[in-house]
Amino acid sequence: MMDIKQVRENPDRFKEASRLKNVPCDIDKLIEVDARRRAVQQELESLRTQSREGGQQLALCRNPKSEWYKRAVQNGKTPEEIKVEADRLQKELNDVKARSKPLEDEDRTVNEEFAAAMLTVPQPAGPDVPVGSDDTENVELRRVGEIRQFDFKPKDHVTLGQELDIIDIERGVRLAGSRNYVLKGDGALLHQAVLRLAQDMMVQRGFVPMTVPVLVREEVMTGTGYFPGGREQAYLCERDEKALVGTAEVPLTAYHAGEILDESRLPLKYCAQSTCFRREAGAAGKDTAGLYRIHLFDKVEQVIICRNDEELSIKLHAEILQNAEDVVAALELPYRVVNVCTGDLGQGQVQKFDIETWMPSRDSYGETHSASRFYEFQSRRLMLRYKDAQKKTRFCHTLNNTVVASPRILIPLLELHQNADGTINIPQALRPYMNNKERIEPRP
RNA sequence: GGAGAGGUGGCUGAGCGGCUUAAAGCAACGGUUUGCUAAACCGUCGUACUGGUUUAAACCGGUACCGGGGGUUCGAAUCCCCCCCUCUCCGCCA
């Protein structure tokens with residue numbers, strides 16, 4: 001959520017953001033609703049003042065024991081005269097109430113309208129974000145690692161998984177429908193090894209590991225920016241008014257929602273492994289083969305909550321990006337980092353860097369990590385604040401990045417580390433998590 | 001799932017239709033005094049929206065908020081209805 005004052009002062013900035021990000025938002029209407037809302041509020045406030053003051057006077061008129069009443073009698077007023085006065089007041093207040101009623105209703109509806117409109121305002125992209133309409137216009141920043149040249153014909157991960165009996169897509173689909181799978185034997189172990197390596201690396205860097213709910217209240221989805229815009233992408237448990245999260249970013253970022261933190265506690269660095277649920281609505285027919293686009297996966301996510309300082313946010317953004325790069329490097333995989341363009345940016349992100357890892361079966365780099373910074377966008381929705389040194393309450397900044405998501409990362413891992421005989425070399429860093437095994441081979 | 005008891009400011013805790021703009025205490029912050037720690041005294045001490053004003057910070061107002069939402073009333077923390085949450089006991093269960 002953005003600051004309405006900023007929208008009022010500089011509506012063009014947000015219209016521009018709406019256009020560049022291709023996020024629909026009617027700024028003119030919002031400003032109109034805002035003006036109406038304030039007008040109604042002022043009118044209502046003055047009526048409420050009248051009502052309160054008149055009500056207090058009425059109480060005095062009706063109470064013969066009150067100081068006011070005694071003084072009035074002393075000044076020569078008869079009880080009858082006071083009663084006439086009270087009745088007149090009563091009538092006046094009835095009238096005030098009658099006038100308030102329709103305004104109360106309008107106040108309610110106009111505020112709802114305002115709140116709904118505010119949820120659609122996009123966060124303008126940062127100055128270093130390339131302008132573009134979709135992911136084809138993302139700008140490559142750097143390539144790291146050599147792309148392996150095979151001296152045999154490499155197999156894709158689906159074939160490898162089938163032959164080694166470590167991935168069973170067919171039965172996964174039979175159990176749970178399309179975009180589902182079963183990991184088996186060393187496949188299951190490799191999956192967990194990757195996640196555990198990632199988490200250990202984060203803990204070593206001072207991130208506090210957490211386990212978090214994955215079925216959360218809708219306001220948590222709204223607070224992190226996934227609702228209402230991304231409602232289609234989430235699995236809903238409507239009976240309980242809850243949603244399954246698509247990432248642990250949601251519960252981690254919302255963990256301190258509604259709190260006013262002490263600046264001395266910042267920055268907070270959290271990581272969590274969680275299962276992620278995605279409907280992949282609108283992606284029908286896209287990436288249907290293999291483990292690339294699936295409904296359910298596990299991910300270790302990193303989240304930072306820091307003070308309201310853009311320079312610091314930018315610095316920490318680089319830090320969480322580096323954390324992820326180190327994980328990919330530990331897995332001995334070649335990757336590139338791209339600066340995501342405006343059109344491929346979400347509503348709330350100021351800037352996003354994706355790490356794309358080389359995937360031989362796709363003959364291209366494929367997205368494996370996504371590092372975003374939000375400034376106040378999520379904090380405002382979540383009422384996530386802190387008191388600064390001047391005792392002023394301010395909104396935090398939030399950032400997040402993937403540490404590793406599996407099984408997607410198993411695609412390059414299996415494909416790039418395969419041998420001509422169909423076995424797979426396990427990278428050094430993973431071996432401690434695989435009982436020191438060096439190679440995945442067919443089970444006897 | 002059943003029965004009961006509760007939800008008031010950072011915390012404790014009064015208030016149960018109108019001198020409540022929520023008492024008091026604790027904690028916190030600022031100051032005075034003594035000066036090693038500490039103590040005493042005085043003051044400040046919520047959040048949101050909003051008006052005035054200002055370059056701004058700050059300042060001065062208004063309204064709302066006593067778990068959430070409705071209702072009764074001129075007036076609700078207080079009365080009524082619905083929901084949520086917490087605690088205790090029982091039941092069920094990985």
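Remember, it's a predicted structure, so these values are computed and weren't measured experimentally.
A/Thr393 OG1 to A/Ile260 CD1: the interatomic distance, rounded to the nearest 0.5 Å, is 4.5 Å.
For A/Glu45, counting side-chain heavy atoms from C-beta on, the closest listed nucleotide (B/G62, B/G75, B/U50) is B/G62. Taking the side chain of A/Lys97 as heavy atoms from C-beta on, and the options B/G75, B/C85, B/G18, the nearest nucleotide is B/G75. The side chain of A/Gln90 lies closest to B/C74, out of B/U50, B/C74, B/G62. Closest approach to the A/Ala59 side chain among B/U50, B/C74, B/G18 is made by B/G18 (side chain taken as heavy atoms from C-beta onward). Closest approach to the A/Gln56 side chain among B/U63, B/U21, B/C74 is made by B/U21 (side chain taken as heavy atoms from C-beta onward).
A/Asp107 has its CG atom 12 Å from the P atom of B/C65, to the nearest Å. Look at CG on A/Leu261: it is 14 Å from P on B/U47, rounded to the nearest Å. Atoms CD1 (A/Ile260) and P (B/U47) sit 6 Å apart, rounded to a whole Å. The distance from atom CD of A/Glu104 to atom P of B/G75 is 10 Å, rounded to the nearest whole Å. For A/Glu53 and B/C19, the CD to C1' distance is 15 Å, given to the nearest whole Å. Remark: C1' of B/G18 and CZ of A/Arg62 are 12 Å apart, rounded to the nearest angstrom. One interatomic measurement links the two molecules: CG of A/Leu47 to P of B/A64, which rounds to 12 Å at whole-angstrom precision. Rounded to an integer number of Å, the gap from A/Gln41 CD to B/C49 C1' is 5 Å.
Pairing for B/U44 is with B/A28, a Watson-Crick or G-U wobble pair whose two hydrogen-bonding atom distances lie under 3.5 Å. In this structure, B/A57 forms no base pair with any nucleotide, since neither Watson-Crick nor G-U wobble geometry is met with both distances under 3.5 Å. Checking B/C87 for Watson-Crick or G-U wobble geometry (two distances, each under 3.5 Å) identifies B/G4 as its partner. For B/A14, there is no paired nucleotide, since no Watson-Crick or G-U wobble pair has both relevant distances below 3.5 Å. Across all strands shown, B/A94 forms no Watson-Crick or G-U wobble pair with both key distances under 3.5 Å. Here B/U20 sits opposite no nucleotide as a Watson-Crick or G-U wobble pair (both hydrogen-bonding atom distances under 3.5 Å). Across all strands shown, B/G9 has no partner, as no Watson-Crick or G-U wobble contact with both distances under 3.5 Å is found. B/U78 is unpaired under the criterion used here, namely a Watson-Crick or G-U wobble arrangement in which both key atom distances are under 3.5 Å.
Of the side-chain N and O atoms in A/Lys387, one or more sit less than 4.0 angstrom from OP1 or OP2 of B/U47. Between A/Arg37 and B/C49, a side-chain N or O to OP1/OP2 separation shorter than 4.0 Å is absent. Between A/Lys5 and B/C49 there is no side-chain polar atom (N or O) within less than 4.0 angstrom of OP1 or OP2. Close to B/U63, at under 4.0 Å from its OP1 or OP2, lies no side-chain N or O of A/Ser46.
The pair A/Glu280-A/Arg278 fails the salt-bridge criterion, with no side-chain N (NZ, NE, NH1 or NH2) lying under 4.0 Å from an Asp/Glu carboxylate O. A/Glu113 has no carboxylate O lying under 4.0 Å from a charged side-chain N of A/Arg36, or vice versa, which leaves the two without a salt bridge.
Each of A/Thr393 and A/Leu93 was assigned the nucleotide of RNA chain B with the nearest heavy atom; the assignment lying further toward the 5' end belongs to A/Thr393. Heavy-atom nearest nucleotides on RNA chain B were determined for A/Arg52 and for A/Arg385, and the one closer to the 5' end corresponds to A/Arg385.
Side-chain contact, A/Gln378 with A/Thr224: no donor N or O sits under 3.5 Å from an acceptor N or O. Donor-acceptor pairing under 3.5 Å is lacking for the side chains of A/Asn308 and A/Tyr386.
Remark: of the listed residues A/Glu301, A/His256, A/Glu249, A/His256 is the sole one forming a side chain to side chain donor-acceptor pair (under 3.5 Å) with A/Tyr270. Looking at A/Tyr226, A/Phe277, A/Phe297 one by one, the single match for side-chain contact (heavy atoms from CB on, under 4.5 Å) with A/Thr247 turns out to be A/Tyr226.
Within 4.0 Å (heavy atoms only), A/Gln42 reaches sugar-phosphate atoms of the nucleic acid but no base atom.
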